Amino acid sequence: MITRAPRIGSIGELLPVSLVEPDGLLITTDGMYVRLILCERVPNTITADQSGLLRIEAAFAALCRIIPDRQGLIILAQTDPVPIDEALASDEHATRVAAAQDRAGGQHELAAARERLLAATRQTVIAAAGAQQPAVAARWWVAVPYRPVADDARVQLRAMLAGARGKTLWDTHRDAAAESLRLRDQVDTGLRMAGIETWPLSGTETLALLWERLHPATEPADHEQLLNRLASVCRVADATSLSEAAQDRHRILEAITGGAELRYGENPAWLRHADGTLEETIHLATPPLATDPSWLAHLLTCPLPATLAVHIQVGSRSCERHRQRRRWQRLRAAVRYKDRRERLVGSDEEEALQEAAIVDAELAAEVGATVYQVGIYCSIRDPSGDPEAFGRAVRQTCADFHALTNARVVRGRYLALQGFTSTLPLGVDTLRARRHYAQRNIAHCVALTSSRCGCPGGLILGTADPGGTLERLDPYDPLFQTTLTLIVGKGGGGKTVTSILLAARFIAQGGRVYVTDRSSTPDDRGDTGGTGHYDTLLSLIPDGRRVQLGTAHGDVICPWDTPDASSVPDQKIEFLLAMHALLIGDTHDPEALIRSLDTDEETMLRDGIHLVYRDCAQNGGRPREQLLIDALMKRQATGELAGSNADKLQSLLLRLARTGPAGRSRTSPTARRRSPTTRHWCCLTSPACQTV
């Protein structure tokens, strides 16, 4: 039996890093200048309407047109599972604070209720994801590589002679660094035009990304110490000899590879890291049948951590335009030749001619349009290190993607090392598995899309599908112009359930909720017609109370309530007048939407309202609608008014007596309860929508 000893090589061969400057400039060993941009709040193409999709596609197409000739752009998207404890850390902290305040105030039952609601939230999130690690963190980066181009023949010759000696001229480096910065700023502007929030990465942050990929399942013992070590190796290019440059490269590799190890030999398709993580890189071998803005997101639906790398390369636009024109002319001549000789033209030839005509028209009509060379790679990692489960997950991901897009996916057999380097944020493509994509499809290859639709913090709303990210809703987000949230949907679509879940999670974090719901309001006979929508939630909250609106059964909300009857603000008087105008006023428009009182009726009501508050201030009574009717009837009995005013007073009394809401709310004052100083959530419900 013959066994082969494993080959041992330097991990530095997989990391072509020569220098990293503090401002984020990364220089590769082959002379590439790379800068990274972190992208946040990327557009959601799942929920966008047709006009929104067109705007996103136009912005991404314009971004690709920014790429200069013989340069490229790399889009990186990464998903990482987040443990349940880390995902719910903010919710648990808010609940602990609220429960501690409740216990300090002697409300032990309320504190226990908040903790039970938090436990229910945890179980709901776990059940929705079907795992103990349900949340997914998604991140996006754009790598902007720049390869120096010398137009002058003498400068090019000098650069070639210096490169043959392993050196770079200072003038060449300075110009290339400035041009790299200018190109990054242009790409950054294009990303912001697409509605994406950007953050250029520094040298320390760039090295931290590389360290993370080399230690996928390792948590550093001291984050601050690690960042300080990475920052210490970032330095401005000042080496004047090959030995000094080699020392700089050695320090960088030592800082990011400390303890890292890649075992290649257990299986030709994947690598095994020192922490046991398995990693395999798959790539697309054939273009899809059709593209759309979210077709690449299917690769990130893998249940394991994954990194999607899209390498977009541009050649010479003028040469590509002439090449496509010659291709169209050649295909057209071949088809016409067969037509003249009455030979059968195959469907493949007709389709190729039609495609060539469309591509040629696009290149001629759009400025900056070209045919792009695109390499699409996806690195999948399994922190558990189980080869069988990992193999099944990768095979299922490839099969699902092929079924959805009809694009053939090739696994990383004997290409694991090259694929690993191609998915790193280095701007290099060692795998070089590229295919041609036309201008009309290139916007769909920009993998800066997501299914996220929530806020960075706030209440848990649900889990995005696809994507698996935990979405939140913060009604008090400063980005919102108002604190009004509208839940719209058809009957039975889950509007009430959504509002109940949000209310329960708001209460768990120390909030207080007020709900105006007519589903449990009794009629004149006291019949509620069944259980109210929020009765279950009400039963879970200690000291939770139901206050009926506009009914004689139980406590009611009285519009006459005021803190001090002896000092009533003018706004309260105007509110009562407006309420009576709505209840008993005459209509003056065809739709009967506007009701108002005439001058005499408004004067009588104003005097009666002032009289009610004055009497209640003297005798300590509670102001209410019945006292207003009694005051007006007293004026009628004493004959204080005569003529037309007496008739108007009589009509006013009749309307007040007949009005249902006014009559039902005139007897019982509001039963009020003191509440702690917290943020409140007011929910008004109806069969059509819920407004929070």
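The basis for the numbers below is simple: all heavy atoms, side chains too, and nothing from hydrogens, waters or symmetry mates. What you are looking at is a predicted structure, and each value in this text was computed from that prediction instead of being measured.
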Taking the side chain as every heavy atom from C-beta outward, state whether Glu40 and Trp199 have any pair of such atoms under 4.5 Å apart. no

Between His311 and Tyr377, does the ring centre distance come in under 6.0 Å? yes

Is the shortest heavy-atom distance from the side chain of Ile37 to the side chain of Leu191 under 4.5 Å? yes

State the OG1-CD1 distance between Thr370 and Ile442, to the nearest 0.5 angstrom. 9.5 Å

Is the closest side-chain heavy-atom distance between Pro305 and Ile380 below 4.5 Å? no

Side chains of Gln78 and Asp80: is there a donor and an acceptor less than 3.5 Å apart? yes

Keeping the roles fixed (side chain from Thr430, backbone from Gln418), state whether a donor-acceptor pair exists under 3.5 Å. yes

Between Thr286 and Arg408, is there a donor-acceptor pair closer than 3.5 Å when you use the side chain of the first and the backbone of the second? yes

Nearest 0.5 Å, what's the CZ-CG distance between Phe420 and Leu271? 7.0 Å

Between Trp295 (side chain only) and His444 (backbone N and O only), is there a donor and an acceptor less than 3.5 Å apart? yes

Carefully, step by step, assess Glu21 and Arg235 under the rule salt bridge (Lys or Arg N to Asp or Glu O under 4.0 Å). CA-CA 5 Å; Glu21 296 191 351; Arg235 57 191 308 170; over 6 Å; no

Name the residue from Leu426, Ile256, Leu26, Val34 that meets the side-chain contact (heavy atoms from CB on, under 4.5 Å) definition with Thr206. Leu26

Closest non-hydrogen contact found for Asp474 with Gly458 is CB-CA, 4.0 Å

Residue pair Cys234 / Gly203: nearest heavy atoms and the distance that separates them: SG-C, 3.6 Å

Flag the pair Arg411 / Val394 as yes when at least one side-chain heavy-atom distance between them is below 4.5 Å, and no otherwise. yes

Determine, stepwise, if the pair Tyr437 / Val371 fulfils side chain to side chain contact (heavy atoms under 4.5 Å, CB included). CA-CA 6 Å; Tyr437 287 79; Val371 175; over 6 Å; no

Table please: side-chain donor-acceptor pairs of residues 175-188 below 3.5 Å, with sequence neighbours left out.
residue, atom, partner, partner atom, Å
Glu179, OE1, Arg182, NE, 3.3
Glu179, OE2, Arg182, NE, 3.1
Glu179, OE2, Arg182, NH2, 2.3
Ser180, OG, Arg35, NE, 3.2
Asp188, OD1, Thr198, OG1, 2.6
Asp188, OD2, Arg192, NE, 3.3

Side-chain ion pair, Arg327 and Asp360, N-O less than 4.0 Å: no

Please round to the nearest 0.5 Å and tell me the distance separating atom CD1 of Ile252 and atom CG of Leu15. 11.0 Å

Just wondering, more than 12 heavy atoms not from Arg332 lying within 6.0 Å of its CZ? yes

Between His215 and Trp211 (side chain of the first, backbone of the second, donor and acceptor by atom type, cut-off under 3.5 Å), is there such a pair? yes

Is the shortest distance from a Lys or Arg side-chain nitrogen in Arg139 or Glu212 to a carboxylate oxygen in the other one below 4.0 Å? yes

Think Arg326 forms a cation-pi with Trp328, using NZ or CZ under 6.0 Å from the six-ring centre and within 45 degrees of its axis? no

Kindly determine whether Leu36 and Glu205 satisfy side chain to side chain contact (heavy atoms under 4.5 Å, CB included), including the steps that lead there. CA-CA 9 Å; Leu36 292 178; Glu205 294 167 333; over 6 Å; no

Looking only at the side chains, is there a donor atom on one of Ser294 and Thr449 sitting less than 3.5 Å from an acceptor on the other? no

Kindly determine whether Thr423 and Arg213 satisfy side chain to side chain contact (heavy atoms under 4.5 Å, CB included), including the steps that lead there. CA-CA 9 Å; Thr423 57; Arg213 286 297 310 278; 3.3 Å; yes

Supply the atom-to-atom distance Thr257 OG1 to Leu210 CG, rounded to the nearest 0.5 angstrom. 10.5 Å

Look at the side chain of Thr421 and the backbone N and O of Leu417, then say whether any donor-acceptor pair between them is shorter than 3.5 Å. yes

Closest heavy-atom pair and its distance - Pro43, Ile56: CB-CD1, 3.6 Å

Is a side-chain donor or acceptor of Arg70 paired with a backbone partner of Arg147 at a separation under 3.5 angstrom? no

Would you say that Ile460 contacts Leu470 through its side chain, given a criterion of any heavy-atom pair below 4.5 Å between the two side chains? yes

Beyond-backbone contact of Ile282 with Cys398, side-chain heavy atoms, under 4.5 angstrom: yes

Smallest separation among heavy atoms of Ile46 and Asn44, with atom names: N-OD1, 2.8 Å

Would you check if there is a donor-acceptor pair between the side chains of Tyr372 and Gln439 at a distance under 3.5 Å? yes

Any salt bridge between Glu320 and Arg323, counting N to O under 4.0 Å? yes

Heavy-atom count check: over 12 atoms from other residues, nucleotides or ligands less than 6.0 Å from Gln354 CD? no

I'd like to know if Glu280 and Arg381 make a salt bridge, using a cut-off of under 4.0 Å between side-chain N and carboxylate O. no

Flag, side chain of Glu349 to backbone of Gly346, donor-acceptor distance under 3.5 Å: yes

Does Arg343 have more than 12 heavy atoms from other residues, nucleotides or ligands lying within 6.0 Å of its CZ? no

Heavy-atom closest pair, residues Leu25 and Tyr33: CD1-CD2, 3.8 Å

Kindly determine whether Thr405 and Thr291 satisfy side chain to side chain contact (heavy atoms under 4.5 Å, CB included), including the steps that lead there. CA-CA 8 Å; Thr405 63; Thr291 60; over 6 Å; no

Donor-acceptor contact below 3.5 Å, side chain Lys338 vs main chain Val345: no

Please give me the minimum heavy-atom distance between Arg472 and Ala87, naming the atom from each residue. NH2-O, 2.9 Å

So does His273 get a backbone contact from the side chain of Thr277, meaning a donor-acceptor N/O pair under 3.5 Å? no

Separation between CG (Leu304) and OG (Ser379), nearest 0.5 Å, reads 11.0 Å

Would a 4.5 Å heavy-atom cut-off, applied to side chains only, mark Leu201 and Trp141 as touching? yes

Within the 4.5 Å heavy-atom criterion, are Val446 and Cys64 side-chain neighbours or not? yes

Do any N or O atoms from the side chain of Thr397 and from the backbone of Cys302 form a donor-acceptor pair under 3.5 angstrom? no

CG of Leu289 to NE2 of His402: how many Å apart, nearest 0.5 Å? 10.5 Å

